[in-house]
Amino acid sequence: MYSPRSEASLAQSCTLQRQEKRLQKELVALIKEPPPGVVIDGESVGQSLDLLVLSINGAQGTIYEGEQFQLQFRFGPKYPFDSPEVVFIGTEIPVHPHVYSNGHICLSILTDDWSPALSIFSVCVSIISMLSSCKEKKRPPDDSMYVKTCSKNPKKTKWWYHDEEV
Amino acid sequence: MDSDEDIMYDDDYDDSGNESSGDDDVEFAMVEEPNNPKERQELDEYPYEVLTTEQILQHMNECMKEVNIVVEMPSTVIRMLLNHFRWDKEKLMERYYDGDPEKLFTEAHVASPFAKMAVPAKIAKKEHRRTGPSVEECEICLSTLPSSVMSGLECGHRFCVSCWAEYLTTKIMSEGIGQTISCAAHNCEILIDDATVMKLVPDAKVRLKYQHLITNSFVECNRLLRWCPSPDCSSVIRVQHVESRPVTCRCGHTFCFACGNNWHEPVRCTLLRKWIKKCDDDSETSNWIAANTKECPKCKATIEKDGGCNHMVCKNSHCKTEFCWVCLGPWEPHGTSWYNCNRYDEDEARAARDAQERSRAALQRYLFYCNRYMNHMQSLRLEHKHYATVKEKMEEMQQHNMSWIEVQFLKKAVDILCQCRQTLMYTYVFAYYLKKNNQSVIFEDNQRDLETATEKLSEYLERDITQENLVDIKQKVQDKYRYCDSRRRVLAEHVYEGYDKEWWEYND
Ligand SMILES: [Zn+2]
Ligand SMILES: [Zn+2]
Ligand SMILES: [Zn+2]
Ligand SMILES: [Zn+2]
Ligand SMILES: [Zn+2]
Ligand SMILES: [Zn+2]
């Protein structure tokens, strides 16, 4: 049974454990019921709790239909109070006005507008909807400049968000 | 510094006339009293208070109460609204009464205090979704928890108290955000009020940081408050009206309330700001280069002479002008006279030299004032170190049968020496921008007198004090510092009079 007092103090004393628990719960739910278009390799999940790679299939009827991309999540010790680092990896990087050729994604919920109430699930949904609403395959206008000068970690970029409607 | 002593100071100096002897004192007797005693008095009264962070919080709460008397709202809502209007109470009242208060709340990102009764439908449903009304799921830690450990704002987004604590701690400590922490839910712009933050953050250190963050914006928005600029000091000075006046913090630091720089009598804040900017722009190396080189008469590129020949070729590849190092005129008419120039008086050469002369003169002038300014700054630093030496001397004198009271004149002397140096330092800033006229000549005389007197006082303080000369030294030091102080006042009052009567004209 729950005793509110012990629950609260226990939770405080083991924040890290609590955060691990949240990630585990997220992953279990994700494997059981992934967002449409997301494929998770149940075997590789859980090998390391701070890294997650999943596949995203281009949705039917969109310009990415038939393509598959690898999306990588990296979780810091402060997750979910600190946002995860999310990038596309591998050889197939979606050609999209908000995705740089090095895999970095310009999406405000990944930095400024992050909330601990968001999750892997909601990030995937946002990215899929970002891809699905795109009408023309092109790179961001500052792609070559950005790729040459940016930090390895997209969270270190001071993003100047492009119009998110695209 | 002891402020009581400064107030007492006038009497000290008034009864000094009959103690004087020697050359300086003849001048001393002629020291003019301010023409208008009322003016002097006005100059001396500048009431201010030194406040701690606690007092600032209290002061902030008082301000909020004043609004609360007129508009009844929770105090934290008032703080956020006042903050939105940069602590302008009148503006807030005006907007509150002539507009749509609900719109005002949205604009300031504050949950409307009048909408509290409405229970958000979405959340109400969620509470009942799981096992019953007494258990809820926290969307952050994904745990199902009893409602008693869940908390939230008027927007209805509820999270468990430990998630709230972690969320707020991250915002306050890692991101340094205090004034505008919004609800933890995605896309919810409702700001969290002070009482809720204080209640939800368990760590006292984090709470203290939060208090500092909220008072910081209160102080910064309020023209009548200023943080003490000295590092590691968290006191605040409160004045009744903003003026360029010296204020002394509890930590001992004296600064100009209006601009926050060290007290800079007699120069005004705007001129000082201009000077500081100029000094930052002109780095010492560029000054040196300009003083030791010549410029190409055509493209103004800097040229250094590296051989004996007067035939110069500008190194700027776009220019390559050939000219004579001696006369600065074009090289062509010089022909083959590589080492001698006989064209020094030709018009063309003279014009080129005049132009260079003007820019050089401007630089020399700047360097002249800058050097004196820097010298006084340097001496001032040393003088501050003298306090330690003086303390030793005072102890020594007390062993020579002088009482504690009797030896205080030495500390007083160093105080005045420092004040004089500081004033002198800034007179060079004033003088640099000053255009010559009858009054500026008087100003320069005053400056020279003060400078001479100050150097003499400094010299006296360096002397050895022995049993034999003790009484004599005390007399001389007192005479000197009184004289210095009177000269400093005369100079400052003359400058202030000039401000009032618009005597001063400035360059650039
Ligand atoms: Zn929670
Ligand atoms: Zn909310
Ligand atoms: Zn201070
Ligand atoms: Zn000032
Ligand atoms: Zn040239
Ligand atoms: Zn010549």
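We name chains A, B, ... by the order of the sequence lines, and we start the count at 1 in each one. For the numbers below, each heavy atom of this structure counts, side chains included, while hydrogens, waters and symmetry mates do not.
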*Side-chain H-bond candidate by donor/acceptor type, A:K78 with B:S174, under 3.5 Å*: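 Looking only at side-chain atoms, B:S174 and A:K78 do form a donor-acceptor pair, the distance falling under 3.5 Å.
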*Closest approach of A:A117 to B:A185 (non-hydrogen atoms, all atoms of both residues)*: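 That closest heavy-atom pairing would be CB-CA, 4.3 Å.
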To the nearest 0.5 Å, what is the distance between [atom1] ([X]) and [atom2] ([Y])?
X      : Y      : atom1 : atom2 : value
A:D82  : B:E175 : CG    : CD    : 7.5 Å
A:S115 : B:E139 : OG    : CD    : 8.0 Å
A:K25  : B:C141 : NZ    : SG    : 6.5 Å
A:S119 : B:I140 : OG    : CD1   : 11.5 Å

_Atom NZ of A:K137 with >12 non-hydrogen neighbours under 6.0 angstrom_ =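 Yes, enclosed.
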_Is it the case that atom CD in A:E92 sees more than 12 heavy atoms from other parts of the structure closer than 6.0 Å?_
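At most 12 heavy atoms, drawn from other residues, nucleotides or ligands, come within 6.0 Å of this atom.
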*Below 4.5 Å from any heavy atom of chain A, which atoms of B:C163 appear? Answer side chain, backbone, both or neither.*
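Both backbone and side chain.
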_Side-chain donor or acceptor of B:T170 paired with backbone N/O of A:F81 under 3.5 Å_ =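 A pair under 3.5 Å: no.
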_Steps toward side-chain contact (heavy atoms from CB on, under 4.5 Å) verdict (A:S122, B:H186)_ = CA-CA 10 Å; A:S122 52; B:H186 176 52; over 6 Å; no
_Structural part of A:P80 lying under 4.5 Å from a heavy atom of chain B_ =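 Contact with chain B is through the side chain of A:P80 alone.
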*Restricting to pairs with a member in residues 197-217 of chain B, which pass ring pair (Phe, Tyr, Trp, His ring centres under 6.0 Å), not counting sequence neighbours?*
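Checked against ring pair (Phe, Tyr, Trp, His ring centres under 6.0 Å) - neighbours excluded - the pairs reaching residues 197-217 of chain B are B:H212-B:W227.
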*Got a sec, which residues hit salt bridge (charged side-chain N to carboxylate O under 4.0 Å, His left out) with B:K209, two or more places apart in sequence or on another chain?*
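None.
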